[in-house]
Amino acid sequence: MADLSVKICDVDFKNPIIPASGVFGYGREYEELFPLSKLGGIATKGTTLNRRTGNLSPRIAETPAGMLNSVGLQNPGIDHFIEKELPYLLTKDVTILANIAGSTAEECVKVAEKLEKTDVHMIELNISCPNVKQGGAAFGTSCETAAEVTRQVRKATTKPLIVKLSPNVTSIADIARSVEDAGADAVSLINTLLGMRIDINTGRPILRNNVGGMSGPAVFPIAVRMVWQVANAVKIPVIGMGGVSSGHDAIELMMAGASAVQVGAAIFTDPFAPVRIVEEINDFLDSKGISSVNEIIGSVNPW
Amino acid sequence: MADLSVKICDVDFKNPIIPASGVFGYGREYEELFPLSKLGGIATKGTTLNRRTGNLSPRIAETPAGMLNSVGLQNPGIDHFIEKELPYLLTKDVTILANIAGSTAEECVKVAEKLEKTDVHMIELNISCPNVKQGGAAFGTSCETAAEVTRQVRKATTKPLIVKLSPNVTSIADIARSVEDAGADAVSLINTLLGMRIDINTGRPILRNNVGGMSGPAVFPIAVRMVWQVANAVKIPVIGMGGVSSGHDAIELMMAGASAVQVGAAIFTDPFAPVRIVEEINDFLDSKGISSVNEIIGSVNPW
Amino acid sequence: MKYTQGKYIIIQKAAIARNIYSFTISCPEIARIAVPGQFVHIRADGFTLRRPVSICGIDPKKGSLRIVFEIRGEGTSAISRLNEGDVIDMLAPLGHGFTIDPDFEKVVLIGGGIGTPPMLPLAWIYGKKAVAISGFRNASAVILQEDFAGTGAETILCTDDGSAGIHGFVTQPLENLVKSGKIDAVFACGPAPMLKNVAAICSKNNIFCEISLEERMACGIGACLGCACKTKRNDEEYFAHVCKDGPVFNAEEVLW
Amino acid sequence: MKYTQGKYIIIQKAAIARNIYSFTISCPEIARIAVPGQFVHIRADGFTLRRPVSICGIDPKKGSLRIVFEIRGEGTSAISRLNEGDVIDMLAPLGHGFTIDPDFEKVVLIGGGIGTPPMLPLAWIYGKKAVAISGFRNASAVILQEDFAGTGAETILCTDDGSAGIHGFVTQPLENLVKSGKIDAVFACGPAPMLKNVAAICSKNNIFCEISLEERMACGIGACLGCACKTKRNDEEYFAHVCKDGPVFNAEEVLW
Ligand SMILES: Cc1cc2nc3c(=O)[nH]c(=O)nc-3n(C[C@H](O)[C@H](O)[C@H](O)COP(=O)(O)OP(=O)(O)OC[C@H]3O[C@@H](n4cnc5c(N)ncnc54)[C@H](O)[C@@H]3O)c2cc1C
Ligand SMILES: Cc1cc2nc3c(=O)[nH]c(=O)nc-3n(C[C@H](O)[C@H](O)[C@H](O)COP(=O)(O)OP(=O)(O)OC[C@H]3O[C@@H](n4cnc5c(N)ncnc54)[C@H](O)[C@@H]3O)c2cc1C
Ligand SMILES: Cc1cc2nc3c(=O)[nH]c(=O)nc-3n(C[C@H](O)[C@H](O)[C@H](O)COP(=O)(O)O)c2cc1C
Ligand SMILES: Cc1cc2nc3c(=O)[nH]c(=O)nc-3n(C[C@H](O)[C@H](O)[C@H](O)COP(=O)(O)O)c2cc1C
Ligand code: FES
Ligand code: FES
């Protein structure tokens with residue numbers, strides 16, 4: 001049994017596996033299947049200042065080794081989260097990352113301020129949701145706006161601040177450096193890649209929103225590359241995600257530089273994926289005689 | 001039997017299917033399997049001014065529903081192409097797209113000038129190869145450099161000029177508009193997405209070049225989205241590619257706005273893929289009673 | 001336990017019409033708690049997303065469930081290639097089922113095409129109190145009519161082209177039943193236009209009506225918010241989720 | 001026709017060691033033209049890239065080929081699940097094979113581990129003129145020794161741990177053979193370190209040596225330039241392609 005615990009921005013995780021924001025709701029549904037305490041952390045569903053209804057359906061499409069979603073940040077609003085969801089989650093012996101978003105920097109600030117008086121462990125600021133027309137993705141695709149929203153939220157919170165980056169950019173390393181300079185304590189990546197599918201029988205896009213965010217195994221090689229580039233570009237910790245569906249994948253992302261790994265779409269294929277991945281990481285470390293998972297973080301030896 | 005012929009920049013294609021540059025060499029190897037005249041066109045291996053040896057091996061890695069390559073533009077140089085390969089290809093009753101590349105705009109110009117006196121039908125200027133360190137990708141990731149190299153090559157050739165775009169950018173529509181303004185007659189997209197894989201047993205990247213270009217079915221939804229965005233942004237024709245492996249996929253890309261479709265990695269899975277796809281397109285059109293493939297180009301009806 | 005995930009053995013497989021398969025699956029812990037209207041979420045080998053399929057039979061004593069599904073695309077095609085003795089990976093039982101009210105004296109069950117299977121467990125429950133109307137494109141698409149007859153329910157068969165049963169849509173016999181006497185409830189599953197018409201008839205005649213909806217799903221359990229459907233509750237618009245709040249909804253709640 | 005692609009029936013399947021399978025495949029048009037050292041490029045269901053596997057037996061009369069492969073990852077695992085009677089999708093025969101020279105009086109065939117299979121068709125050709133040295137990790141990994149004996153070749157077996165045959169590497173018996181008399185050619189396939197050592201011995205002793213290399217491949221036919229390997233030809237550095245210029249190369253040409 002290897003030591004699986006990791007520490008990110010002084011916050012302890014029992015193990016490096018975290019269900020990604022948006023696939024795990026606020027944890028209640030998967031708790032039917034396994035105790036949440038088996039997880040390293042939980043990234044909660046992206047939450048905004050006010051309740052949002054999200055996009056029209058269909059919101060889901062399948063793609064080769066992946067999927068598209070255009071949920072569009074449906075959520076009950078931060079007050080509901082703080083009153084109804086967070087207290088419950090905080091009893092679960094698992095590190096909680098409150099994923100937040102907003103259409104404007106001011107909205108993000110207000111959401112962060114509301115979390116300030118809670119016991120949530122970390123804030124994950126999503127500047128990269130491709131499914132919301134105003135704001136969202138726009139922040140994440142330029143260094144200036146990414147830095148600006150980070151700077152403002154930084155001022156509003158003393159919690160460890162993770163900024164979640166968009167892969168739909170020319171240079172993710174540049175964006176990462178900007179948000180690091182603007183005060184982010186960590187970065188997480190990748191959010192979904194913008195994609196589209198068309199029903200050739202009707203001639204209409206499958207998603208009612210026309211386009212949606214692609215995730216799942218298909219995007220994994222892009223995630224490895226981006227995590228590697230970002231880990232080489234910044235000094236703050238990197239939380240990796242994108243297409244992870246096995247312990248093997250998680251180890252690859254950690255070798256590329258991730259201090260922890262989020263698991264998204266894989267949970268739809270196998271609802272036990274996050275707990276299975278924890279076990280698979282442990283098996284790998286044991287088989288190699290590696291005593292702590294920390295030894296593999298950033299250990300890739302490039303040519 | 002539907003009419004499959006398309007016309008792009010006044011050049012006739014018997015059907016809209018073209019093996020993509022880099023997967024089909026100069027045609028000789030696949031000619032063992034089927035007559036080249038069954039194809040709409042052939043995009044030849046990216047060719048530079050001088051012979052290039054390319055990157056060290058391994059150059060190939062598998063990914064979920066896709067692959068990475070880091071061939072690095074190995075090619076025998078434009079003179080060899082013009083003397084030894086092109087004359088042969090021009091006897092094959094198929095439209096030839098000479099794919100060219102260079103580390104500098106000047107190199108691209110020189111290559112285009114050499115093609116000027118040949119009978120090649122079109123030039124496809126690759127400004128987006130992710131596997132060459134100097135130049136290549138760099139051109140394709142900024143509007144200014146993309147426009148500049150297009151402008152210079154435009155001056156050097158009277159051939160129809162297709163500019164091949166990189167998907168590794170924040171806004172491919174902006175790049176497409178820049179090259180349109182700079183004189184491109186058409187654009188083709190997408191080239192490969194930059195990815196990486198690590199061998200967790202050795203801790204080394206699988207590719208000797210560390211990173212490589214991802215292609216194959218995995219990238220298809222990104223290609224559909226980008227073709228749609230670009231087709232809505234420019235007036236010149238769009239040649240679509242990225243993950244196409246069936247007639248269904250080709251039709252989806254054409255509905256999104258592609259006037260013709262290139263087939264890359266799918267040929268490795270099924271060497272007959274391009275000719276099979278031509279047949280599948282025909283079957284679909286017949287089943288829907290559509291008399292010409294031109295009717296479906298750009299026919300998607302967004303929500 | 002509300003639902004669970006596991007690999008279960010297929011104990012019986014039959015092709016019951018062109019491209020339509022019936023699987024009986026041994027899964028005692030699911031069979032024990034499943035109710036009519038719920039569905040199972042099936043992993044299709046090689047695909048990221050599971051496929052939702054309604055429960056068509058519940059046998060808590062034998063510890064088995066039955067599902068009936070049609071090949072529509074590659075996922076259902078992969079599932080159809082499983083054989084007796086193979087295991088099938090299911091997350092189940094999921095969703096909110098049909099209302100079962102012992103006070104109902106007369107109910108109408110309406111199934112359209114591949115929407116027919118989920119009505120069968122309900123027919124077992126309402127038995128002689130039920131009239132089961134089933135509609136299909138044509139005679140070769142007809143399924144499950146003997147099964148419905150076996151429940152004691154009265155059966156009415158319709159086909160679009162008249163090649164079997166009544167020539168026409170399921171709404172015609174429904175209108176006749178409505179005219180000829182009191183109906184306590186109508187339960188329906190099938191294509192959206194059919195459901196809309198059924199809902200309109202019930203609304204006009206003030207009949208309690210529940211319908212089972214379809215939407216593209218990812219998680220199947222209410223976590224991803226992928227399967228939204230517009231409903232109204234207490235006169236307020238509300239995005240419900242087909243997998244958790246449904247698939248069975250009160251027809252009055254659904255905003256088309 | 002140099003090569004073709006098609007789906008061929010597996011007429012015999014056997015597990016010949018732990019995770020090592022032998023398939024005999026009916027493919028008359030390929031068997032007619034295949035030569036020792038060539039390979040087949042096999043489609044693995046669910047994967048983008050085919051898997052290259054050497055030809056281990058050629059029977060033009062029966063119209064069949066034999067391949068022997070080890071499960072190394074998911075692709076070979078998928079292929080290993082094919083059964084007798086199933087079809088296997090192959091692009092074949094590919095590549096440049098070993099030199100067959102009737103003037104050679106004595107040749108040594110060296111196979112290391114899963115590099116042993118491609119030496120067998122060569123043993124059938126050189127027969128009694130050949131000494132087949134095979135090296136394996138241990139006794140349980142040993143394959144094909146009876147097949148080699150059946151060709152008339154002299155066989156020498158080595159294992160790294162001495163659990164079968166000679167304790168040690170294949171290079172030891174090679175050195176002995178070199179010392180004890182004239183060798184016209186050495187042919188080898190196996191792990192790179194083994195090939196390097198074999199090449200060095202041959203080079204020092206001026207013996208004609210051909211080795212079969214491996215590289216990750218996409219097209220398998222020389223079109224994609226994916227499988228480059230550094231060689232020198234006429235004293236000039238040259239990126240050859242393992243699938244077309246190889247997999248068999250003159251050892252002198254290979255730049256390690
Ligand atoms: C609650 C519920 C119960 C269902 N019960 C049955 C049943 O009992 N028998 C039956 O034959 N079918 C049923 N369906 C429909 C069945 O889920 C689809 O036919 C199936 O998902 C199609 O998958 P595919 O891979 O064959 O098609 P593809 O078109 O290749 O699937 C692509 C994606 O779209 C989704 N999708 C496609 N059509 C539908 C649809 N109609 N509803 C939801 N998702 C869809 C698939 O799940 C997959 O994610 C039910 C659907 C729902 C939501
Ligand atoms: C010319 C040639 C002949 C071969 N002959 C045999 C043989 O007779 N018997 C046998 O057991 N094996 C042989 N191999 C090796 C065999 O191709 C690999 O073991 C196999 O491709 C591994 O696939 P996988 O899906 O199991 O492994 P994975 O590691 O999952 O494969 C991932 C990717 O890497 C490639 N790859 C991995 N290892 C190798 C390798 N050693 N060589 C080339 N590509 C590799 C795969 O083809 C695939 O594209 C040969 C290889 C070559 C190039
Ligand atoms: C259905 C769905 C909803 C998502 N919602 C959010 C969200 O609200 N906030 C966010 O930051 N990311 C969201 N994401 C992105 C994921 O957190 C993750 O970054 C992405 O899916 C890549 O990981 P994967 O390939 O493992 O799914 C969502 C993803 C999916 C599939
Ligand atoms: C092995 C390989 C080599 C390639 N070489 C070139 C090249 O020389 N020039 C070029 O413009 N594109 C090159 N490409 C990119 C393809 O032409 C195509 O844009 C890309 O692979 C996406 O299509 P696909 O998903 O169908 O493969 C290459 C792709 C592969 C797989
Ligand atoms: S499918 Fe995830 S909420 Fe319904
Ligand atoms: S694999 Fe394509 S050139 Fe060798």
Side-chain angles (χ1 to χ4, degrees), chain A residues 56 61 63-68 140-142 166-171 193-205 207-212 214 216-229 243 245 247-249 251-256 284 288 296 299-303, chain B residues 56 61 63-68 140-142 166-171 193-205 207-212 214 216-229 243 245 247-249 251-256 284 288 296 299-303:
Chain A
L56 291 175
T63 69
M67 61 174 287
L68 299 177
T141 53
S142 107
S166 168
N168 300 297
V169 296
T170 306
S171 171
L193 281 139
L194 201 60
M196 182 179 192
R197 290 303 303 265
I198 297 167
D199 180 336
I200 66 169
N201 288 305
T202 62
R204 306 217 72 159
L207 298 177
R208 193 62 151 73
N209 192 47
N210 296 321
V211 296
M214 182 164 118
V219 309
F220 180 65
I222 299 174
V224 177
R225 183 262 295 185
M226 289 188 166
V227 164
W228 185 62
Q229 289 180 325
S245 69
H248 180 290
D249 296 343
I251 290 159
E252 218 173 304
L253 267 193
M254 295 186 80
M255 286 182 165
F284 173 82
K288 298 277 171 192
I296 64 169
S299 68
V300 66
N301 177 12
W303 297 102
Chain B
L56 290 176
T63 70
M67 60 175 286
L68 299 177
T141 53
S142 109
S166 168
N168 299 299
V169 296
T170 306
S171 171
L193 282 137
L194 201 60
M196 181 178 191
R197 288 305 301 267
I198 297 167
D199 181 336
I200 66 170
N201 288 305
T202 62
R204 306 217 74 161
L207 298 177
R208 193 61 151 72
N209 193 46
N210 295 322
V211 296
M214 182 165 117
V219 310
F220 180 65
I222 299 174
V224 177
R225 184 262 296 183
M226 288 189 166
V227 164
W228 185 62
Q229 289 180 326
S245 68
H248 181 291
D249 295 343
I251 290 158
E252 218 172 305
L253 266 194
M254 294 187 81
M255 286 183 164
F284 174 82
K288 298 279 171 189
I296 64 168
S299 68
V300 66
N301 177 12
W303 297 100

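- Listed by chain and number, the residues in a side chain to side chain contact (heavy atoms under 4.5 Å, CB included) with N301(B) are R204(A) (sequence neighbours excluded).
- With values rounded to the nearest 0.5 angstrom, M196(A) atom CE is found 9.0 Å from Q229(B) atom CD.
- We find the NE2-CG distance between H248(B) and N201(A) to be 7.0 Å, quoted to the nearest 0.5 Å.
- Atom-to-atom distance recorded for N210(B):CG and W228(A):CH2 is 4.5 Å, nearest 0.5 angstrom.
- Put simply, OG1 on T63(A) and CG on L193(A) are 10.5 Å apart, with the number rounded to the nearest 0.5 Å.
- For the set I251(A), D199(A), L56(A), the entry with the most heavy-atom pairs within less than 4.5 Å of chain B is I251(A).
- Contact tally against chain A (heavy-atom pairs below 4.5 Å) for G216(B), G243(B), G195(B), S299(B): the top residue is G195(B).
- With respect to chain B, the highest number of heavy-atom pairs below 4.5 Å among S171(A), A218(A), P205(A), A61(A) belongs to P205(A).
- Between chain B and the options I200(A), V224(A), T202(A), the largest number of non-hydrogen pairs under 4.5 Å is found for I200(A).
- Side chain to side chain, T170(A) and T141(B) fail the donor-acceptor criterion of an N or O pair below 3.5 Å.
- Comparing M255(A), R197(A), K288(A) by heavy-atom pairs within less than 4.5 Å of chain B, the highest count is held by R197(A).
- For L253(A), no part sits under 4.5 Å from any heavy atom of chain B, backbone or side chain.
- Heavy-atom distances place both the backbone and the side chain of A256(B) under 4.5 Å from chain A.
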